[in-house]
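The sequence lines fix the lettering, A, B, ..., with proteins before strands; numbering per chain opens at 1. Predicted model only: the values in this text are computed from it and were never measured. Computation of the quantities below employed the complete heavy-atom set of this structure, encompassing side-chain atoms and omitting hydrogens, waters and symmetry-equivalent molecules.
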Amino acid sequence: MSAWEEAGRALAAGQTSLVSLWADGSRARLALLSGPDVRILDHAAPGGHFPSISRLHPPALRLERALAESSALVPDGLPDTRPWLLHGAAAASYPFLPVKGAHLHQIPVGPVHAGIIEPGHFRFTCAGETIVRLEERLGYVHRGVEALMEGKRPEEAAKIAARISGDSTVAYAIAFARAVESALGVAPPPRALWLASLMAELERLANHLGDFGAICNDAAFALMLSHCGILRERVLRASFFCFGHRLMMDRILPGGAITDLSADGIAHLRALVAEIGQKFPRLLSLYDRTASLQDRTVGTGILRPDLAQLWAAGGFVGRASGRDFDARRLYPPYDSLAFATAVRSEGDVDARLRIRAVEIMESLGLITQILDRLPSGPIRSALPDGAGEGFALIEGFRGDIFLHVRLEGGRIARCHARDPSWFQWPLLEAAIAGNIVADFPICNKSFNCSYAGHDL
Amino acid sequence: MLRTLLEGLRQPVTEALPTDPEFAELAKKLSRETRRRLGRSLAIRMLDAGSCNGCELEINALANPFYDLERFGLSFVASPRHADVLLVTGPVTRNMREALLRTYEAMPAPKWVVAAGDCASGCGVFAKSPACLGAVSAVIAVDLVIPGCPPTPARLLAGLLALLGTN
Ligand code: SF4
């Protein structure tokens, strides 16, 4: 059995976790996680063919569908050969999977949704009010990100990486910077690493606060949205004050950071931490004391722990269903910072909310530690022109982002980015089955998968 | 809950009308006709035509208590049939072209199109990608452009109010 085939079997047996799968020229490449180590396995595909991994391990399916349509490689035995991200001219005749049974009806939703959210299509098959099956169709915001990065210099390509998913712009910028630095053998200055983590925690805080309010709002509890909205806005304003951009776009580049933190900035952030640290626990206790709200969240949209494990679901989606993984444990400066990772086993909307609540408080603690111990010194190292490849696995608010680059002559020859949503979207299909249609928005928001990050 | 409610009343955070000289000229040109048509309210249908989601975050922020867009008569509506304005973000991906057109066509006339963000206005990082058409104006006529990557909520608000001639 080839090493490739063996890797597929080890994945299916749960001995390793799938990190990503992509094509690079005539090679199929597989990134695997075992323990704390990420390993890249190559398969030189003779004549373009390689044995499909999803044939053995379903979580690879969408990655292989995307690979098959956008490269010359052919995954042999691919269980589903429908297009995925490239809709093409035949978009209207996309064959959804057949659903058989008496008294079923379908509800097509999207790509344009009612609210201010990203586009995607959901095909619900229902028996009365109950969802029997959800099939997602994504790719509407496919911008050709990976192809666009090719041939660009790292600083230019970083601008694109920072716009793969706007809500995770800091996490993507870090992933891209670390991958390029590792490809070129450059070490960013310690202060830059700490500043990057400071920005990453601010980003996590802003997203968790916004979503905490939005999820409660989906249960018609608008008061929480308003209060969380105020706290979120405070985080964005503090980010602007400290780093000059509300979402902190383009502040981290390969080699380090481009904006330093002033003494005023430090004072500003300390005041922010104090305010949220005082106000958020009261909002959480309001959640705890509101039975009508919990009536909507407890027991809704349950993701089974075995599925979370098999799909290697990252972030709060995995952690609310028992998967104890947080990529921050694997890279500096988190190895010298104290933080707890919350894990629950209920897997429902309530569990995902509560994991986020804990993470809000943990991020506040991390920000304080970073401000207390921020090393001094330069914030940027020079980047040589060169060749090589490198990758990074970075914990965004949504989960672990994997980004791999290969450089030739100081330019991007291939860049592959895998958003945590690749493994969370399919799990939403599983979690929603058996729930009523009216609970879809709250379930969906509790997952909050990225369309842009997935569609690329 | 009462305590949380009262706290909101005691410490209001809502801010004054933003002014942005950038839109003043434009307001003069647009406002007479649009104001006659629209009165003092604007129903907005937002459409993401390939955004990175950064623009949506800031558009969503318009509803938070700092900006509170509804006090100006601006509201987001779910159906294009109820909308005066189509607010579009993103570089218009090939995969969203038809949805954009259909949404626009579903709106009753008179209607206005606002392109929000650098991507929608044609100068964003994805403009030259073969997977994108490059700008909203490549598909439908645009009445107002609000630049920025992403535009801040204050700027979005100033731009939208320019349509009503409020500032
Ligand atoms: S303008 Fe900037 S924030 Fe808006 S969609 Fe484009 S890249 Fe994202």
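- Contacts of A/I117 with chain B are made by backbone atoms alone, with heavy-atom separations under 4.5 Å and no side-chain atom involved.
- Residue B/N64 holds its CG atom at 10.5 Å from CG of A/L231, rounded to the nearest 0.5 Å.
- Closest approach of B/S51 and A/A452 over heavy atoms only: O-CB, 3.7 Å.
- Contact of A/I116 with chain B is made through backbone and side chain together, with heavy-atom distances under 4.5 Å.
- Using a 4.5 Å cut-off between heavy atoms, A/H245 contacts chain B through its side chain alone, with no backbone atom that close.
- The two residues B/R45 and A/H113 come nearest to each other via the heavy atoms NH2-O, 2.5 Å.
- The part of A/L85 that comes within reach of chain B is its backbone (N, CA, C, O), which places non-hydrogen atoms under 4.5 angstrom from that chain.
- With respect to A/E156 and B/K128, no salt bridge is recorded, no charged nitrogen being found less than 4.0 Å from a carboxylate O.
- When all heavy atoms are compared, the tightest approach of A/G144 to B/A131 is N-CB, 3.7 Å.
- Closest heavy-atom contact between B/P150 and A/M249: CD-SD, 4.1 Å.
- The contact between A/I230 and chain B is made by backbone and side chain atoms together, counting heavy-atom distances below 4.5 Å.
- Side chains of B/L57 and A/R232 form a contact here, defined as non-hydrogen atoms less than 4.5 Å apart.
- Taking 4.5 Å as the limit, some side-chain heavy atom of A/R246 sits within range of a side-chain heavy atom of B/P153.
- Considering CG of B/D48 and CD of A/E118, their distance stands at 5.5 Å, rounded to 0.5 Å.
- Proximity to chain B involves both the backbone and the side chain of A/H87, based on heavy atoms less than 4.5 angstrom apart.
- Contact of A/Y287 with chain B is not made at all, since no heavy-atom distance falls under 4.5 Å.
- B/R102 has its side chain out of reach of A/V112: every pair of non-hydrogen atoms, C-beta onward, lies at least 4.5 Å apart.
- In this structure, CD on A/E233 lies 5.5 Å from CZ on B/F66, to the nearest 0.5 angstrom.
- The shortest distance between side-chain heavy atoms of B/N53 and A/Y451 does not fall below 4.5 Å.
- We find the SG-CD1 distance between B/C52 and A/I160 to be 12.5 Å, quoted to the nearest 0.5 Å.
- Residue B/C149 holds its SG atom at 4.0 Å from CZ of A/R163, rounded to the nearest 0.5 Å.
- The nearest pair of heavy atoms linking B/N95 to A/G139 is ND2-O, 2.7 Å.
- Atom CD in B/E56 sits 10.0 Å away from atom CG in A/D167 (nearest 0.5 Å).
- In terms of heavy-atom pairs under 4.5 angstrom with chain B, the leader among A/A114, A/S285, A/G229 is A/A114.
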